[in-house]
Amino acid sequence: RRLYRVGCSIESHSEFTCEPIRLRMCQDLPYNTTFMPNLLNHYDQQTAALAMEPFHPMVNLVCSADLRMFLCALYAPVCTVYGHVSMPCRSLCQRAKDECHKLMEIFGVAWPDDMECSRFPDCDEPYPRLEDLLTGSEPTDQSSMTVQRDYGFWCPRELKVDPDLGYTFMGRKDCSAPCPSMFFNQQELTFIRYFIGVVSIVCLSATLFTFLTFLIDVTRFRYPERPIIFYAVCYIMVSLVFFLGFLLEGRVACNPVSPSQFRASTITQGSHNKACTLFFMVLYFFTMAGSVWWVILTITWFLAAVPKWGSEAIEKKALLFHAIAWGLPGALTVTLLALNKIEGDGISGVCFIGLYDIDALRWFVLAPLCVNVAVGVSLLLVGIVALNRVRMEIPLEKENQTKLVKFMIRMGVFSVLYLAPLFTVIGCYIYEHTYRKIWEKTWMENNCRRYHIPCPYKVEETSRPAMVLFLIKYLMMLVVGIPSVFWVGSKKTCFEWASFLHGRRRKDGVNESRQVLQEQPDFAQSLLREPNTPIVRKSRGTSTQGTSTHASSTHLAVLDDLDEPASSVHSKASYHSSLRRTRDDRSDTVVYRGTEDRSFHGSNPRLDHPLSTHSSLHQIDSHSRHSSQRDVSVAPPTLITHGTTASDGRAAENEGTNA
């Protein structure tokens with residue numbers, strides 16, 4: 001029990017029973033019991049007493065004989081039949097207002113809008129009425145359990161927070177949701193958390209494997225399939241955040257109990273918690289970026305299938321793709337930070353949006369995902385139809401026909417593996433968006449007596465979320481990143497990992513990433529050059545056109561044939577590269593013998609291992625190899641023409657003779 005300046009001792013009301021009037025201004029009235037919330041929707045007598053303070057000077061100076069009774073009729077109404085509300089007459093309000101408005105102006109007090117006289121019944125009776133006093137004020141047991149009026153949600157004292165934090169819960173400001181969950185018990189929460197932890201580890205392993213496979217051979221995944229790698233990187237970060245949330249449990253998503261700020265453990269909101277803000281930024285940014293990268297993947301497939309763009313032409317737009325894929329999620333993330341929409345998820349231990357704010361869920365989660373799905377599916381279907389038309393109408397070799405069909409199947413399976421979890425996640429969000437109000441009203445019904453708040457009025461339907469729904473939602477949020485493994489899973493990947501683990505890697509393999517970066521177009525050229533203009537490769541000095549014949553339709557399948565041995569794939573790529581070279585390049589490109597040796601070493605298969613894409617005469621013993629190197633160093637440099645098969649053969653013969 002606490003004593004306040006207005007001279008009344010305050011206790012929490014319980015279940016809307018009549019309670020003694022403790023307001024100092026309303027003592028010695030014809031009645032001595034009232035109910036809360038009152039006619040002005042004050043939660044308890046403490047709140048009502050604080051709201052009455054500005055009128056104390058007018059009451060003490062007795063500017064009107066009706067003012068005190070009128071104020072008490074609003075702030076501490078008579079408790080009659082439980083649920084019955086006795087309103088003061090309009091004439092009583094008008095007399096009090098007219099007689100006291102001058103004195104109120106002197107004290108600088110304005111007549112409140114919720115006390116306007118037009119709101120009260122047009123009558124001229126005293127307050128309280130005779131029938132109000134004759135009716136027993138003690139409610140029956142049945143009436144105490146029934147609410148006759150909809151008071152809405154009142155924030156319990158335990159969930160109230162500092163107004164400076166800007167919290168909102170169920171439409172009430174300065175209020176926060178209980179943590180860790182308002183829907184599940186501790187046993188259910190433990191099961192869900194361990195489930196999320198296991199799934200996050202699986203997703204992290206799968207996406208990390210995809211990215212490491214790319215790092216082993218960065219030239220293997222070119223456009224139009226390069227966005228799959230960035231898509232995998234996004235879900236590496238998403239799964240990592242969920243895994244950290246599993247390890248930290250509720251230490252980031254929940255506010256710990258502290259006497260100065262939080263009376264109970266509550267959900268974190270806003271950006272005052274730096275760890276929660278960081279979790280939100282990483283999780284939301286990379287979730288949206290992964291969705292955008294999938295759309296860009298469908299765009300690159302569309303460009304390769306319909307306008308017949310080659311890999312180099314699509315690659316010219318790479319910087320534009322990156323600007324869109326990282327820029328749009330970044331703009332959305334900054335907007336949400338500015339709007340202070342961050343919310344802790346006590347179930348998974350991370351921070352996201354839309355967990356309690358339905359509007360944020362609708363506009364910043366559902367809307368972007370639905371737009372991305374609509375655009376991506378449309379481009380995907382158009383691309384598949386175009387590739388199928390190429391397969392049916394244009395005569396191709398049997399081998400290319402098989403590769404094209406294989407590519408279409410892989411593209412379709414990959415898209416299904418991505419879209420099925422994504423549609424499930426969207427469905428879970430929509431279901432949660434639809435039934436959130438019912439779940440919250442059910443929670444109020446079950447906890448109103450515990451928190452001493454108004455119980456819901458005429459609850460027609462009660463329901464609580466099924467644990468399976470949340471398990472499916474978290475599962476699909478993480479599983480959506482696993483399809484990237486399907487794209488890299490092949491015999492070639494196994495061969496590359498085996499060669500990498502056994503150390504059988506090309507010595508100059510460390511320069512592959514640098515070579516790819518050197519071959520990227522300049523920034524201005526990438527944004528301004530048309531698809532049909534040639535690209536000058538800095539590292540090779542070749543010129544390739546942006547468009548091609550119907551063979552470019554099968555270019556996806558040729559480059560994507562992951563099951564072929566690496567030597568044949570490399571020889572095909574070298575063959576097509578030699579076709580694209582101009583006569584001037586072949587006649588003018590002159591290198592020294594040392595350069596020719598390195599080129600020769602990297603263009604023919606190795607003799608001692610069938611899986612390597614490099615070639616050199618490694619069967620020569622160590623002594624002979626050293627002799628050859630000495631002969632080469634002494635001999636004068638011989639000028640050769642790069643790209644000529646005969647010169648390569650003569651060079652091999654000379655090396656054999658020296659050996």
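What's counted below: heavy atoms across the whole structure, side chains too, no hydrogens, waters or symmetry copies.
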Keeping the roles fixed (side chain from [X], backbone from [Y]), state whether a donor-acceptor pair exists under 3.5 Å.
| X | Y | answer |
| --- | --- | --- |
| E315 | R222 | no |
| S176 | L159 | no |
| T298 | V295 | yes |
| R464 | T442 | no |
| E440 | K437 | no |
| S291 | M288 | no |

Notebook entry, point to check: Taking the six-membered ring for Trp, are the ring centroids of Y194 and F246 within less than 6.0 Å of each other?
Noted result: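 Yes.
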
Considering only heavy atoms from C-beta outward, does the side chain of [X] approach that of [Y] to under 4.5 Å?
| X | Y | value |
| --- | --- | --- |
| I353 | L361 | no |
| N185 | E188 | yes |
| F414 | L297 | yes |
| F302 | V306 | yes |
| F242 | L204 | no |
| L212 | I216 | no |
| Y431 | L469 | yes |

Next item on the list: Please report the C-alpha distance between F352 and Y284 in whole Å, then the side-chain angles of each, then the deciding distance to 0.1 Å, and finally whether the side chain to side chain contact (heavy atoms under 4.5 Å, CB included) criterion is met.
Entry: CA-CA 7 Å; F352 203 61; Y284 181 80; 3.9 Å; yes

Give, for atom [atom1] of [X] and atom [atom2] of [Y], the distance between the pair rounded to the nearest 0.5 Å.
| X | Y | atom1 | atom2 | answer |
| --- | --- | --- | --- | --- |
| F209 | I236 | CZ | CD1 | 12.0 Å |
| L379 | I296 | CG | CD1 | 11.5 Å |
| F500 | T213 | CZ | OG1 | 10.0 Å |
| C276 | I267 | SG | CD1 | 9.0 Å |
| I342 | H272 | CD1 | NE2 | 9.5 Å |
| I228 | W293 | CD1 | CH2 | 11.5 Å |

Looking at every heavy atom in both [X] and [Y], which two are closest together, and how far apart are they?
| X | Y | value |
| --- | --- | --- |
| F221 | W487 | CE2-CD1, 4.3 Å |
| A177 | F169 | CB-CE1, 3.4 Å |
| V416 | P421 | O-CD, 4.2 Å |
| C428 | I472 | SG-CG2, 4.1 Å |
| W439 | S463 | CD1-O, 3.3 Å |
| G383 | A305 | O-CB, 3.7 Å |

Check: Pick from V202, I201, T207: which one makes a side-chain contact (heavy atoms from CB on, under 4.5 Å) with S205?
Finding: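 Of V202, I201, T207, side-chain contact (heavy atoms from CB on, under 4.5 Å) with S205 is met by I201 alone.
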
Check: Counting only heavy atoms not in F183, do more than 12 sit closer than 6.0 Å to its CZ atom?
Finding: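 Counting neighbours around CZ of F183, more than 12 heavy atoms of other residues, nucleotides or ligands fall under 6.0 Å, so yes.
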
Next item on the list: Inspect the surroundings of CH2 in W326 and state if more than 12 heavy atoms from other residues, nucleotides or ligands are less than 6.0 Å away.
Entry: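 Enclosed: over 12 neighbouring heavy atoms sit under 6.0 Å from CH2 of W326.
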
Margin query: Run F262 and L165 through side chain to side chain contact (heavy atoms under 4.5 Å, CB included) and show every step you take.
Written below: CA-CA 11 Å; F262 307 105; L165 296 176; 3.9 Å; yes

Next item on the list: Report yes or no: is the cationic atom of R436 (NZ for Lys, CZ for Arg) closer than 6.0 Å to the six-membered ring centre of Y356, at no more than 45° off its axis?
Entry: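 The answer is yes; both the distance and angle limits are met.
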
Next item on the list: Go through the steps to decide whether K317 and W309 satisfy the test side chain to side chain contact (heavy atoms under 4.5 Å, CB included), and finish with yes or no.
Entry: CA-CA 11 Å; K317 304 299 181 183; W309 283 26; 4.1 Å; yes

Item checked: ring pair (Phe, Tyr, Trp, His ring centres under 6.0 Å) between F184 and F470, worked out -> CA-CA 11 Å; F184 301 109; F470 280 78; 5.2 Å; yes

Next item on the list: Could you give me the CA-CA distance, side-chain angles and deciding distance for Y231 and Y235, then say whether ring pair (Phe, Tyr, Trp, His ring centres under 6.0 Å) is met?
Entry: CA-CA 7 Å; Y231 165 84; Y235 279 94; 5.2 Å; yes

Note to self: Hydrogens and angles aside, do T493 and R220 bring a side-chain donor and acceptor to less than 3.5 Å of each other?
What the structure shows: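 The answer is yes; a qualifying pair exists.
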
Margin query: Apply side chain to side chain contact (heavy atoms under 4.5 Å, CB included) to residues V252 and V350 and explain how you reach the verdict.
Written below: CA-CA 7 Å; V252 173; V350 302; over 6 Å; no

